[in-house]
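Numbers here are sequence positions counted from 1.
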Amino acid sequence: MASVCSPAASTQPALPSGPTIFKTIPYAFMLPEIFCGTWVWILVAATSVSFPLLQGWVMYVSLSSCLISLLLLLSYLFGFHRNSENWKVMDSLYHGTTAILYMSAAVLQANATIRSELGPNSPLYYHLNSAASFFAFITAFLYILHAFSIYYQ
């Protein structure tokens with residue numbers, strides 16, 4: 001007797017787990033997201049948070065996104081998703097929301113960069129803020145790519 005398998009189960013792509021996630025789009029974006037987000041956090045912290053209202057939000061977004069993305073990466077590595085379709089939705093919602101938050105943080109960091117151009121520690125803080133702005137926009141772009149490419153697998 002032949003086993004009967006539902007068509008939906010056979011066409012559903014398996015979510016990667018283990019080291020395979022580093023070779024699969026959009027999950028391959030997770031390490032660069034964490035790496036670039038960590039650089040944003042480090043570079044802003046190196047400026048002694050000169051503009052607390054602006055850079056406080058940047059620090060919050062970069063640190064919390066880095067930690068949550070790291071937990072998500074570890075859950076994919078260890079296969080906690082158990083190939084559930086809900087993980088794709090959760091992953092897309094998380095990365096889409098984080099992309100919006102990171103874009104707002106990148107704009108605020110760019111504003112802090114402009115304001116630091118004529119500050120007391122002008123050359124050093126300006127260069128650190130410029131680098132932080134660059135990495136913030138790159139990180140936002142990576143989160144946007146991840147959020148949208150999850151449906152094009």
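With sequence neighbours excluded, the residues that form a side-chain contact (heavy atoms from CB on, under 4.5 Å) with L108 are L54, W57, V58. Qualifying side-chain contact (heavy atoms from CB on, under 4.5 Å) partners for I34, counting only residues two or more places apart in sequence or in other chains: T38, C66, S69, L70, L73. Take L43 and apply the side-chain contact (heavy atoms from CB on, under 4.5 Å) test, not counting sequence neighbours, and it matches W39, L128, A131, A132, F135.
The aromatic rings of H95 and H146 sit parallel, their planes meeting at an angle under 30°, below the 60° perpendicular limit.
Connection of I114 to F134 is not established within any shared hydrophobic cluster, with ILVMFWY side chains joined at heavy-atom distances below 4.5 Å, either directly or through further cluster members. Hydrophobic clustering of Ile, Leu, Val, Met, Phe, Trp and Tyr side chains at less than 4.5 Å, counting indirect connections, unites Y102 with Y60. If you chain together hydrophobic residues whose side chains sit under 4.5 Å apart, I144 and I100 never meet in one group. V44 and L53 are assigned to two separate hydrophobic clusters, defined by single-linkage of ILVMFWY side chains at heavy-atom distances under 4.5 Å. Residue F78 is not grouped with residue L71 when hydrophobic side chains (ILVMFWY) are merged at heavy-atom distances under 4.5 angstrom, including chains of intermediate members.
A donor-acceptor contact shorter than 3.5 Å links the side chain of Q55 to the backbone of F51. T98 places no side-chain N or O within 3.5 Å of a backbone atom of S65 that could act as its donor or acceptor partner.
Taking both residues in full, the closest heavy atoms of Y125 and S48 are given as OH-OG, 3.4 Å, listed atom of the first, atom of the second, then distance. Of all heavy-atom pairs between S62 and W41, the closest is OG-CB, 3.6 Å. Taking each heavy atom of G96 and A147 in turn, the nearest pair found is N-CB, 3.5 Å. Closest approach of S149 to F29, counting heavy atoms only: OG-CE1, 3.8 Å.
Counting heavy atoms from C-beta on, the side chains of L93 and V89 come closer than 4.5 Å. Counting heavy atoms from C-beta on, the side chains of D91 and Y76 come closer than 4.5 Å.
In summary, the side chains of T113 and S130 do not present any donor paired with an acceptor at a separation below 3.5 Å, with no hydrogens or angles considered. Neither side chain, N129 nor E117, offers a donor N or O lying under 3.5 Å from an acceptor on the other.
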Output, in order, the C-alpha distance, side-chain angles, deciding distance and verdict of side-chain contact (heavy atoms from CB on, under 4.5 Å) for V40 and Q109. CA-CA 9 Å; V40 171; Q109 182 57 38; 5.8 Å; no
Determine, step by step, whether L142 and C36 satisfy the side-chain contact (heavy atoms from CB on, under 4.5 Å) criterion, reporting the C-alpha distance in whole Å, the side-chain angles of both residues, the deciding distance to 0.1 Å, and the verdict. CA-CA 9 Å; L142 287 169; C36 291; 4.2 Å; yes
Determine, stepwise, if the pair S92 / F148 fulfils side-chain contact (heavy atoms from CB on, under 4.5 Å). CA-CA 7 Å; S92 180; F148 283 114; over 6 Å; no
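Interatomic distance, L72 CG to Y94 OH, rounded to the nearest 0.5 Å: 7.0 Å. Expressed to the nearest 0.5 Å, how far CD1 of I42 lies from CG of L63 amounts to 10.5 Å. How far CD of E33 is from OG1 of T139: 8.0 Å, rounded to the nearest 0.5 Å.
Enclosure of atom CZ in F141 is not indicated, since only 12 or fewer non-hydrogen atoms of other residues, nucleotides or ligands lie within 6.0 angstrom.
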